[in-house]
Amino acid sequence: MAYEPSRIEPRWQQHWADHDLFRAVEPTEPGAAARTKFYVLDMFPYPSGAGLHVGHPEGYTATDIIARYKRMRGFNVLHPMGWDSFGLPAENHAMKTGTHPAVTTRANIDNFRRQLKMFGFSYDWSREVATSHPGYYRWTQWIFTLLYQQGLAYEAEVAVNWCPALGTVLANEEVIDGRSEVGGHPVERRPMKQWMLRITAYAERLLADLEGLDWPDSIKDLQRNWIGRSEGAEVDFPLVGHDRALRIFTTRPDTMFGATYMVISPEHPWVRELATPAQAAAVQAYVDEARRRSDRDRQAAKEKTGVFTGALCLNPATGAEIPVWVADYVMMGYGTGAIMAVPGQDERDWEFAETFDLPILRTVQTPAGFDGKAYTGDGPAINSGFLDGLEVAGAKARMIDWLVDKGLGERKINYKLRDWLFSRQRYWGEPFPLLKLADGSVRLLAPDELPLTLPEVGVYEPAGTGEGPLAKIEEWMNVDDARSGQLARRESNTMPQWAGSCWYYLRFLDPRNDHEAWARDKENYWMPVDLYLGGTEHAVLHLLYARFWHKVLFDLGLVSTAEPFQKLRNQGMILGENGDKMSKSRGNVVNPDDVIRDHGADSLRLYLMFLGPLERDKPWSTSGIEGVHRFLDRVWRLFFDENDALHPAVTDGPVDDDVQRALHRCIDQVTQMTEDLRFNTAISQMMIFTNEMNGRAQRPRAALEPFVLLLAPYAPHLAEELWSRLGHGASLMYEAWPVADPRWLVRDTVTVVVQVNGKLRDQLEVAADADPELVKETALASPKVRQWTDGKQIVKVICVPGKLVSVVVK
RNA sequence: GCCGGGAUGGCGAAACGGGUAGACGCAAGGGACUUAAAAUCCCUCGGAGCCAGCUCCGUGCCGGUUCGAGUCCGGCUCCCGGCACCA
C-alpha cells in the first residue's frame, strides 16, 4: 500500500495527545533543572471567522520544527499557543447579526484550534489562553493598575483621530493616509478625553536596549525610526512687547544667525494672544481653517500656507527683530510647536520664505558648484559672528554652550514617538479597572475586585457621541461604591486590542494561576523568549508596546529580564498562486483543510518550508506541493514494498562507505540548516540522501534510522510511523538527535578546477591531502590546459589547496 | 523625499570568510514498464554556434578592484515594505 497520510496522521496526533508528549516540564518538577529551557513562541493569531489560510501555518511550522528539534537535543521546550481574541471584527459581526462577540469568538477559536491540530503542531495545549477570557483579562486590567500607579497612565484632552464611520477614535498607527486602516473610512481630528500611556518616558531605553537584541536589523531600524530620537536645543526667543519668550526646538542651533522669521503651529496655545489687532481676524480664520482640514488634506497640500501674526521676536544671536508667522507645516505634537525658520538651511523654510517673500540668509558655506536652494549639508559657518569658520558639529556645540551660558536655552533631546492612545469606544475589549468617583477622583479597582467583566448589552453600536456602547448601560456605568462610600461612574471606553498581546508570553508561563498573573520562579526559569517568530507587520506596534510593558514590569521587579524577546525572526507572506497577496476578494486563498485532505499535513508542512527562505514572500504553487508529496512517497517506498511490508532491501547489514558519507553529510547539513532556520535547504539535503538511497538494493537500518530522526521535526507523522514500523516501541519525539561523525565528512578526493586567465579550462580529481606543488604540476601538464598556455608566457600561478589552480598567461 | 529589503533558467530557488553559477524541486520534452492510462523508473533541460567533444555569451543596468566577482567598491533602473512638512 502506498503512503497515505490520512491513514497515519490522525493516529499519531492522538498518540501524542494521549501521552501528553508536548507538555513543557515545570521548573519545579523533577528533571527540569537538569535540562536547558527553550521558549519558542509564535505571534498568536486573531481568530477570524475565515479560519486559517496557508499563510498562518508557515511561521507555525517553522517554530514547530525548532520545538521538535530542540526536544530531541535535550531541551525542555515551552511551545504554547493562544488567541488574541478581543477585537473589532467580532464586534462588527455582532452589530450585523446580534450574536454576542463571545459566542463568535469561541466558535472561531474552536475552528482555529481544530485546524492547527491537523498540522500536528506540538503545542502544549494545556497552556492555551485567550485574551478575551475574564481569567486572562483580569491580569491585563491588573497590569493597567500598575501602569496607573507608576504615573504612566493618564487621561488627557487630546486631538484624536475620530472616525465617524466606525464611531470610534483610532491610534495614529491605525490611520493610513488620513483613513482608517480598517475599512478605509475618513478620519478627522477632534479633541476628546482619552486614556494615554506614557510610553515616551521609556523612549530612550526602548531605543538603547535594541542594541543587545538578536533581531533582524531591518526591524531594529523600523523601531529606531519610529522612536525618532533627535538631539538639539530648546531656545527662548524674546517676544517684542511681551515679557515672555517663545520657546522653540531646533536640531540646528548652529544656524541661528540665519533665523529670519518664526513659525508657530495653528494649535499653539499662544496663537490668539500673539496676533496683533490688525492681524487677529486673518489669524483666527487661518486657525479655524486648519482645524477644519483633516490630516489627510493637510498632508496632501503641496503649497505652504500661513499668516503673519503681527508679533515680533528678537533673534538672540543677531538681536534682529523677526516676524512670527502661524503655519500648519509646524506640528503642535512635536517639540514645542514653534520653530525658528532658517530658510538657508531648511528646505521647508526656504519654500515658505519664497512663497511669502521673507528674507533668506545662508549661514553655511555651500560647496563649489552647489546650485540648489536650501543647503542642509556640512560646511563652515558664514554670516554667523562667533561661529564663522566652524563646521556644523562644532558650531552646534559652540552655540549650545553660548545659549546655556546666557540662559537663553538648553540642550534637548526630542522623540517622534508619542504617548500611546489607549482607549477605544468599543465593547469587545478590556474594561478599564477603575471608578470615577463623585468627588472627581479616580479609584483603581483592587486586585480582589478583578476582573471587571463586560456587561451584557443589547446593542453593539457606538453611542455616536464619541462614547462606546458601554456608556448606554446605565446599570453598569453607575456604581454605589461601598469602598469609597461615594457614587461613581465606570469608564465606558475599553482598551485597544494591543493590550492583551502585550504580555501573553508571560501568562503562558503560568496560565492557570488564579491568584497571581505568573509565579516568579516560573518567570525566572522560562524567560526570556528564546525565539519569537511572526510577521513584519508587527515590527513597530506590538513589539514596541510589549517591550514597553515589559520594561515597566522589570522596573517593578516583576520580571527578571529587561527585554522579553531575545531572538526575533520574521516569516514572509505566502502569496497567491498568481503572486498577489492572498485575499478573499482576489479569490486566491488556499485553504489548509483542502490541502491536508488531498496531500496530508506532513506534505503541507514540508512544502511551506521548501518554498524558499523563511523570511521572504513566496507564491503558493499547487504543483509544488505535489512534488514535495512525491518526495515523502519516495521516502515511504524506501522502507516498504507494494504489500506494505518492510522492503527486502532494508537490511540489518553494515553500511558501506558511500552511504556513510551521504548519511553523515546529510546529518551535518540538516543540523546546521535547522539551527539557522534555513529549512528549504535542509529539505533539499534530505532529498539528496533519499535519492542516493533510492537506487540501492541494500538499505541498512543503521543508515535509515538516523535519517528518520532528521525527518522527524519536518514530517513528524511520517517519521513516527516509520520509526514505529522499524520496531521501536515508543515515540521518537525524545530520541537523541543524530550527530555527524567528522570521519565521514572529510572527502578523500576533491575536484580541483583549473583556470587560465580566469576561465575554467579543466578539472582534476586529486587526493584531498595532495601536495599543492604536485597539483600545480599536474594542472600545468594537462592537455586541456596546455591548449591555452602553449606558446604563452606564464606570468603567475595561484593555488588554492583543495579548490583551484589559476594560471595567468600573457 | 528619507530608511530598509529585493532583482539569478520557463517557474520556486541554491551557491553567504570572492574560487566549477543554477544544488534541490516544479514545469516541459524524450524513453522504459503497461493492452491502455495512472503511478513508478531512466535520460535531456540557461542562450547561441555546422551542439559526441568543444567554443562564445550569461546572475537588473553602467563602470571599477582582482589571476578570478552573483558575491567587494562607485553610479543608476525597476519592484516590495515602512516613514513622511518631526524643525
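A note on names: the letters A, B, ... follow the listed sequences, proteins ahead of strands, and every chain is numbered from 1. Remember, it's a predicted structure, so these values are computed and weren't measured experimentally.
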**OP:** Using a 4.0 Å heavy-atom cut-off across all strands, classify A:W788 as base, sugar-phosphate, or nothing.
**Re:** sugar-phosphate

**OP:** Verify the ring-centre separation between A:F610 and A:F679: is it less than 6.0 angstrom?
**Re:** no

Original post:
A:T260 side chain to A:P359 main-chain N or O, any donor-acceptor pair under 3.5 Å?
Top reply: yes

Original post:
Is B:rA37 paired to anything, Watson-Crick or G-U wobble with both distances less than 3.5 Å, and if yes, which nucleotide?
Top reply: none

Original post:
What does B:rC54 pair with, Watson-Crick or G-U, if both distances are under 3.5 Å?
Top reply: B:rG49

Original post:
For B:rG4, does OP1 or OP2 lie under 4.0 Å from any side-chain N or O of A:N225?
Top reply: no

**OP:** Could you tell me whether A:I798 contacts a base, only the sugar-phosphate backbone, or nothing, with contacts defined as non-hydrogen atoms closer than 4.0 Å?
**Re:** base

**OP:** Nearest whole angstrom, please: distance from the P of B:rG12 to the CD of A:E58.
**Re:** 16 Å

Original post:
Can you tell me the Watson-Crick or wobble partner of B:rG9, both distances under 3.5 angstrom?
Top reply: none

Subject >> Under 4.0 angstrom between A:K304 side-chain N/O and B:rA87 OP1 or OP2 >> reply: no

Subject >> base_contact_polar (B:rG19 base, A:Q755 side chain, donor-acceptor, <3.5 Å) >> reply: yes

Original post:
For B:rG18, what is the paired nucleotide under Watson-Crick or G-U wobble rules, both distances under 3.5 Å?
Top reply: none

I'd like a table of donor-acceptor pairs (distance under 3.5 Å, sequence neighbours excluded) in which one partner is a side-chain atom from residues 799-807 of chain A, with atom names and distances.
none

Original post:
What is the base-pairing partner of B:rA28, counting Watson-Crick and G-U wobble geometry with both distances under 3.5 Å?
Top reply: B:rU44

Original post:
Does a side-chain N or O from A:N691 land closer than 4.0 Å to OP1 or OP2 of B:rC24, or not?
Top reply: no

**OP:** Output, in order, the C-alpha distance, side-chain angles, deciding distance and verdict of salt bridge (charged side-chain N to carboxylate O under 4.0 Å, His left out) for A:D658 and A:R661.
**Re:** CA-CA 5 Å; A:D658 284 347; A:R661 269 189 285 271; 3.3 Å; yes

Original post:
Using a cut-off of 4.0 Å on non-hydrogen atoms, how would the nucleic acid contact of A:K784 be classed: base, sugar-phosphate, or nothing?
Top reply: sugar-phosphate

**OP:** Report the base-pairing partner of B:rG4 (Watson-Crick or G-U wobble, both distances below 3.5 angstrom), or none.
**Re:** B:rC80

**OP:** Figure out the CD/C1' separation between A:E537 and B:rC80, and round it to whole Å.
**Re:** 15 Å

Original post:
Considering every strand shown, what is the Watson-Crick or G-U wobble mate of B:rU65 when both distances are under 3.5 Å?
Top reply: none

Subject >> Donor-acceptor pair (no angle test) under 3.5 Å: A:S623 side chain, B:rC26 base >> reply: no

Subject >> Plane angle bin for A:F370 and A:Y375 - parallel if under 30°, tilted between 30 and 60°, otherwise perpendicular >> reply: perpendicular

Original post:
So, is A:R761 near the phosphate of B:rC67, with a side-chain N or O under 4.0 Å from OP1 or OP2?
Top reply: no

Original post:
With the threshold set at 4.0 Å, does a side-chain nitrogen-carboxylate oxygen contact exist between A:R630 and A:D633?
Top reply: no

Original post:
Is the phosphate of B:rC11, meaning OP1 or OP2, less than 4.0 Å from a side-chain N or O of A:S621?
Top reply: no

Subject >> Atom pair distance, as rounded to whole Å: NE2 in A:H538 and C1' in B:rG81 >> reply: 15 Å

Original post:
Listed by chain and number, what are the side-chain contact (heavy atoms from CB on, under 4.5 Å) partners of A:N414, not counting sequence neighbours?
Top reply: A:S230, A:F249, A:Y334, A:K412

Subject >> Whole-Å gap separating P (B:rG19) and NZ (A:K776) >> reply: 22 Å

Subject >> B:rC67 phosphate, OP1 or OP2, under 4.0 Å from A:K796 side-chain N/O >> reply: yes

Original post:
Heavy-atom contacts under 4.0 Å between residues 627-634 of chain A and RNA chain B, which residues?
Top reply: A:G627, A:R630, A:R634

**OP:** Check whether any side-chain N or O of A:D349 sits under 3.5 Å from a backbone N or O of A:V342 as a donor-acceptor pair, and report yes or no.
**Re:** yes

